[in-house]
*Asks:* 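Dumping the structure here so I can ask a few things about it.
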2 protein chains.
Amino acid sequence: MTARTPDSARDIPEATVARLPVYLRALTSLAEDGTTTCSSEELAASAGVNSAKLRKDLSYLGSYGTRGVGYDVEYLRYQIAREIGVTQDWPVVIVGIGNLGHALANYSGFRSRGFRVVALLDADPRRHEEVVAGLDVRSFDDLESIVAEHDVSIGVIATPAVAAQDVADRMVATGITSILNFAPTVLSVPDGVDVRKVDLSIELQILAYHEQRKSGLPTAEVLS
Amino acid sequence: MTARTPDSARDIPEATVARLPVYLRALTSLAEDGTTTCSSEELAASAGVNSAKLRKDLSYLGSYGTRGVGYDVEYLRYQIAREIGVTQDWPVVIVGIGNLGHALANYSGFRSRGFRVVALLDADPRRHEEVVAGLDVRSFDDLESIVAEHDVSIGVIATPAVAAQDVADRMVATGITSILNFAPTVLSVPDGVDVRKVDLSIELQILAYHEQRKSGLPTAEVLS
DNA sequence: GCCGTTTTGTTCTCCCGTTCACAAACTCCT
DNA sequence: AGGAGTTTGTGAACGGGAGAACAAAACGGC
Ligand SMILES: NC(=O)c1ccc[n+]([C@@H]2O[C@H](COP(=O)([O-])OP(=O)(O)OC[C@H]3O[C@@H](n4cnc5c(N)ncnc54)[C@H](O)[C@@H]3O)[C@@H](O)[C@H]2O)c1
Ligand SMILES: NC(=O)c1ccc[n+]([C@@H]2O[C@H](COP(=O)([O-])OP(=O)(O)OC[C@H]3O[C@@H](n4cnc5c(N)ncnc54)[C@H](O)[C@@H]3O)[C@@H](O)[C@H]2O)c1
């Protein structure tokens, strides 16, 4: 509305934002295969979406394709990365270095996709002896200084559910404004702070619901 | 339409299905606190949703509340669990016992929420020496016999991306019809098979997008 | 230089999901 | 028993996203 869009501040629909990373990955994959140009049809197939949806999504970023030709893979990849903001690395802290925290710390996919784990924190002093993925596990009390030092704005919570709200509160207090939460709890945070949750049990329960349906109906599933 | 709903076969909107597990968890939490009755307002707050949405969601299951009073926590909890299909355990196999697979195998939240891990499979023979969470890590070739023996219909993929499609194909061939995929790939499966994906990097990239927006705008964020 | 072919960008329509708002229904108090 | 006060269940308005369909634009062949 206010039309004072300095560069590319059009607001992109949330559903589109959620798909841009998928396109980014598909483009990276195509680039690795040596493909330099692709049509919306090919890219859509690679990303698992409808080609009309893909084109509409990309149109929010600008006109980066060429009619009759398609998209330049490398150019489009860069434009999407720039729009998402992963052309340079984001520092991230992980809190709660238990089963899941270890896996996250060891995950190489973060680094390659624009994120750098700068610290691993845990409340349990016994954990502080450990070195995971080349990083010392440090005291949760070091949160403030680490966030200040590395200018961290993204935090990951992998603690038990009971501790998650406390951890979130501390994160917010130190200036973190984006949280990825693995604990099965609803976090309450002030306006201006984004929270996304990943909840395995919910995903499995959704599958279970459909599974129950399948076995219920006799064979009235397919129609093609 | 066809109105031949044997028991409770009304089709529940997908968005509602995705929230039922959240309500289930909120109700369990309330029950543990000793609450026996709750209003839609309380339950909605506990689940982090709008109360009107909650009531509409619940109305798809039936009329399980009492006007002027609210919902019986234990009764509603059971009704939702039954609708989702987690009143008895679902057997699950996990394929790919690396960093993430270990964390999943050790996760106690599955058992308590209606799922039972019956086998851990890995293609790497060196893994077969291991015992994780009380289960032997077995050869991927045992998939068929394990699925047949335990009547498994849900599989979890925690292998590297390159192997994921192969694993999915094998799963489908053995009769698995629901897959939870952690590998960053688009899986293609036949009709009748459900796939849900969990992708950490995508979640972080969505956060990064909004984070970039925040730092762009000066302070035009809050208005309350 | 022009025409047919290809593929993008966009418009239009439809559908799903969210939210408001209110009547119906139940409890409790007098 | 009746009325005031609560709270559910749902009809209706609204907004956003998905997909079909097409016009505009670029390329290649002649
Ligand atoms: N393991 C999985 O595969 C998995 C799957 C889905 C969800 N989860 C969820 O992720 C979270 C972590 O799971 P996990 O299996 O790693 O648990 P875990 O018990 O192995 O690890 C939790 C860690 O958090 C630390 N911790 C506890 N309180 C803390 C605090 N206040 N501040 C900082 N650190 C604190 C503990 O010392 C421990 O090291 C849980 O909420 C769990 O429900 C785990
Ligand atoms: N570790 C994390 O926190 C994390 C986070 C997000 C996504 N992921 C994704 O999850 C997957 C697993 O991650 P990880 O860190 O555990 O990797 P990992 O390399 O530690 O483990 C992968 C395991 O899969 C096994 N495997 C390989 N090919 C197989 C096959 N064809 N059949 C059966 N088993 C096979 C390997 O032997 C290995 O044990 C990857 O796709 C990764 O991108 C991991």
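Here is the naming used below: chain letters follow the sequence lines, and residue numbers restart at 1 for every chain.
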*Asks:* Give the rounded distance in Å between these two atoms: CD of B:E42 and P of D:dT7.
*Replies:*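 Interatomic distance, CD of B:E42 to P of D:dT7: 8 Å.
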
*Asks:* When rounded to the nearest 0.5 angstrom, what is the spacing between CZ in B:F182 and CG in A:L200?
*Replies:* 4.0 Å

*Asks:* Does A:Y71 have its ring centroid less than 6.0 Å away from the ring centroid of A:Y64?
*Replies:*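 No; A:Y64 has its ring centre 6.0 Å or more from that of A:Y71.
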
*Asks:* Rounded to the nearest Å, what distance is computed from the CD atom of residue B:E14 to the C1' atom of nucleotide D:dA18?
*Replies:* 16 Å

*Asks:* Could you tell me how far apart B:K53 (NZ) and D:dA13 (P) are, to the nearest whole angstrom?
*Replies:*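 Taking NZ of B:K53 and P of D:dA13, I get 21 Å after rounding.
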
*Asks:* State whether A:T66 places a side-chain N or O below 4.0 Å from either non-bridging phosphate oxygen (OP1 or OP2) of C:dT8.
*Replies:* no

*Asks:* Starting at OH of B:Y60, measure out to CD1 of B:I12 and round the result to the nearest 0.5 Å.
*Replies:* 9.5 Å

*Asks:* Rounded to the Å, how far apart are B:L61 CG and D:dG9 C1'?
*Replies:* 13 Å

*Asks:* Identify, between A:K56 and B:G68, the residue whose nearest nucleotide on DNA chain D lies closer to the 5' end.
*Replies:*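 Its nucleotide being nearer the 5' end, the pick is B:G68.
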
*Asks:* Between B:S40 and D:dT7, is there a contact of a side-chain N or O with OP1 or OP2 at under 4.0 Å?
*Replies:*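 For B:S40, the contact criterion (side-chain N or O under 4.0 Å from OP1 or OP2 of D:dT7) is not met.
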
*Asks:* Provide, to the nearest angstrom, the distance between the CG atom belonging to A:L54 and the P atom belonging to D:dG19.
*Replies:*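 Checked: the CG to P distance equals 12 Å.
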
*Asks:* Compare the minimum distances between each of C:dC22, C:dA23, D:dA21 and the side chain of A:R55, then state the nucleotide with the smallest one.
*Replies:* D:dA21

*Asks:* Would you kindly give the CG-to-P distance between B:L43 and D:dG9, to the nearest whole Å?
*Replies:* 12 Å

*Asks:* Got a second to check how far A:Q205's CD is from A:L207's CG, nearest 0.5 Å?
*Replies:* 10.5 Å

*Asks:* Just to confirm, is there a sub-4.0 Å distance from OP1 or OP2 of D:dA18 to any side-chain nitrogen or oxygen of A:R19?
*Replies:*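 Affirmative; the distance criterion is met.
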
*Asks:* Does A:Y71 have a side-chain nitrogen or oxygen under 4.0 Å from the phosphate oxygens OP1 or OP2 of C:dG9?
*Replies:*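 Checking A:Y71 against C:dG9: at least one side-chain N or O falls below 4.0 Å of OP1 or OP2.
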
*Asks:* Closest-nucleotide mapping onto DNA chain D: is A:A15 or B:A52 further toward the 5' terminus? I mean the 5' end.
*Replies:* B:A52

*Asks:* Indicate yes or no for a side-chain donor-acceptor contact from A:S63 to the backbone of A:S59 under 3.5 Å, with no hydrogens or angles considered.
*Replies:*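 Judged by distance alone, no pair lies under 3.5 Å.
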
*Asks:* Rounded to whole angstroms, how far apart are CG on A:D57 and P on C:dT8?
*Replies:*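 Taking CG of A:D57 and P of C:dT8, I get 14 Å after rounding.
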
*Asks:* Whole angstrom is fine here: how far is it from OH in B:Y60 over to P in D:dT10?
*Replies:* 10 Å

*Asks:* B:N50 has a side chain; which of C:dT8, D:dG19, C:dC20 sits nearest to it?
*Replies:*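 Nearest to the side chain of B:N50 among the choices is C:dC20.
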
